[in-house]
Amino acid sequence: MAEQAAKVEFVHTSQFTTPVAEVYAEELLAFAGEHFRGGAVYFTCGGSESIETALKLARQYQVEIGQGDRYQIFSRQQSYHGSTLGALSVSGNKRRREIYLPMVREFAHVGMPYCYRCDFDCTDGCRNCGQQYAAELERAIEASNGAAAAFLFEPVSGATLGAVVPPPGYLQSVARICRRHGVLLIADEVMTGMGRTGCNFAVDHWFGKDSEMAPDILVAAKGLSSGYAPLGAVIASRKVVDAIAAGSGSGAFLHGFTYNAHPISLAAGRAVLRRLQDKSLVEASDSSRDGTPAAVFKKALSGLREEEAVGDVRGIGLLWGVEFVADSASKRPFPVEQNFAGRVAAAGMKRGLLVYPMQGSVDGTSGDHLLLAPPAIITPEQIAWSVEQLAVSIREAQLSLR
């Protein structure tokens with residue numbers, strides 16, 4: 001970052017580009033995979049800005065290919081995509097949205113697979129429920145009468161549901177539905193991207209190298225710069241880029257923020273990407289590989305299922321959720337006013353353990369869980385200590401209610 005500041009600290013992207021932006025964009029496209037060869041990257045200052053950018057990009061794409069009636073962005077209930085008004089409009093988190101709803105224009109929010117509390121039959125390993133939820137998306141697209149522009153989704157849910165992993169076949173069906181109806185597929189990888197789940201991007205677990213399934217747009221932030229500088233990115237496929245380049249706006253995307261592609265932030269991002277690759281941190285985050293930090297973490301967390309207040313432990317890679325229940329047989333949540341997840345987090349903080357407490361996983365208001373996302377360099381000793389502290393904190397929270 002200091003080296004970049006000594007060369008050029010800032011230029012406005014409406015008139016200039018920089019070597020660090022061009023090189024880093026090429027590196028990110030390669031990191032995103034073959035489907036994004038020939039694509040482009042739009043750099044922002046964070047996740048919410050990136051979501052706003054992706055929404056507008058999807059709209060302009062549809063206009064440029066002659067589909068001007070398409071403007072609706074579909075998303076899922078219990079999702080969270082950011083704090084700006086556009087991002088809130090496509091988010092399903094009730095508590096973070098409710099006071100702003102008079103200011104927001106909303107489109108359809110469809111159900112999302114959540115096998116611990118599924119609305120459908122899950123006796124076949126949740127494959128059936130995944131298809132039911134995918135069919136709900138198709139019905140919403142058809143009901144829009146040709147107005148659907150894009151579908152936005154988190155490959156693995158983040159804060160609002162706590163690392164819910166999609167069931168087999170669900171995302172593949174969603175991708176086929178979107179392709180069939182001319183709807184762009186946007187993956188929100190703000191939390192799950194940059195190796196967090198054991199692949200470069202979480203969608204790789206389900207789409208792999210199948211370019212027919214891959215999203216048209218990837219949204220990244222958070223792990224992109226690892227906190228060293230504000231940075232987000234919208235990674236667009238060649239299909240999207242070519243439509244803008246050949247369009248009516250002189251080949252320009254009609255959008256912009258002052259600090260797009262800030263050179264110092266990009267220098268931080270490049271350094272983080274090199275470290276991820278040089279230190280094999282994506283592989284370290286793969287919970288399916290024996291002996292990796294992620295595999296050790298997964299095994300250690302499984303012991304939490306024995307705790308009376310724990311209803312579910314779920315996740316992938318180094319992104320996990322622990323859901324709490326007042327009664328495990330009925331899956332009854334704790335009363336909202338007891339703020340059980342907050343009690344666990346407070347007990348953990350006294351012990352030096354930091355977790356991400358949330359409420360609303362059941363219906364947007366009730367339901368307590370924690371999101372856990374340790375670094376890929378965590379040691380077995382640190383894992384054992386942290387999981388033990390979490391177990392003790394859960395028991396302390398229970399005692400505090402008696």
By side-chain contact (heavy atoms from CB on, under 4.5 Å), K7 pairs with (sequence neighbours left out) Q4
Test item: H369 side-chain N/O and A159 main-chain N/O as donor-acceptor pair under 3.5 Å: yes
Any luck finding a side-chain donor-acceptor pair between E189 and T192 under 3.5 Å? yes
Pairwise distance CD(E307) to CZ(F324) - rounded to 0.5 angstrom: 9.5 Å
One pair to check against salt bridge (Lys or Arg N to Asp or Glu O under 4.0 Å): R139 and E142. What are the steps and the verdict? CA-CA 5 Å; R139 289 193 295 272; E142 290 170 347; over 6 Å; no
Partners meeting ring pair (Phe, Tyr, Trp, His ring centres under 6.0 Å) with F36 (sequence neighbours left out): none
With the side chain counted from C-beta on, respond yes when Q62 and Y71 share a heavy-atom pair under 4.5 Å apart, and no when they do not. no
Counting C-beta onward and ignoring hydrogens, is there a side-chain heavy-atom pair between L371 and L319 closer than 4.5 Å? yes
Please examine the side chains of E9 and I264, heavy atoms only from C-beta on, and report whether any two atoms are closer than 4.5 Å. yes
Test L57 against every option in V234, I186, L184 by the side chain to side chain contact (heavy atoms under 4.5 Å, CB included) rule and name the one that passes. V234
Is there a side-chain contact between E283 and D286, using heavy atoms and a 4.5 Å cut-off? no
Nearest-0.5 Å distance, NZ of residue K239 to OH of residue Y61: 4.0 Å
Begin from the C-alpha positions of K331 and E323 and carry the test salt bridge (Lys or Arg N to Asp or Glu O under 4.0 Å) through to its verdict. CA-CA 10 Å; K331 302 182 182 179; E323 182 168 341; over 6 Å; no
Decide yes or no on side-chain hydrogen bond (donor to acceptor under 3.5 Å, both in side chains) for T197 and H205, but give the supporting numbers first. CA-CA 9 Å; T197 67; H205 288 287; 3.0 Å; yes
Could you tell me if the side chain of V190 sits less than 4.5 Å from the side chain of Y80, heavy atoms only? no
With a 6.0 Å cut-off on ring centres, are H255 and Y42 close enough? yes
Working for side-chain hydrogen bond (donor to acceptor under 3.5 Å, both in side chains), residues S157 and E154: CA-CA 5 Å; S157 67; E154 298 167 289; 5.8 Å; no
Are the charged groups of K299 and D290 less than 4.0 angstrom apart, N to O? no
Can you find a pair of side-chain heavy atoms, one from F340 and one from P333, that are under 4.5 Å apart? no
In the structure I gave you, are the side-chain heavy atoms of V156 and M191 within less than 4.5 Å of one another anywhere? no
Donor-acceptor pair, distance only, cut-off 3.5 Å: does the side chain of Q78 make one with the backbone of S361? yes
So Y114 and Y116, would you call those rings parallel, tilted or perpendicular, with 30° and 60° as cut-offs? tilted
Is the side chain of R351 donor-acceptor paired with the backbone N or O of A347 at a distance under 3.5 Å, no angle test? yes
Can you confirm whether the side chains of E52 and T84 place a donor and an acceptor under 3.5 Å from each other? yes
Within a strict 4.5 Å, meaning less than it, do heavy atoms of the V174 and Y133 side chains meet? no
Pick one: which of L276, V272, D278 meets side chain to side chain contact (heavy atoms under 4.5 Å, CB included) with R274? D278
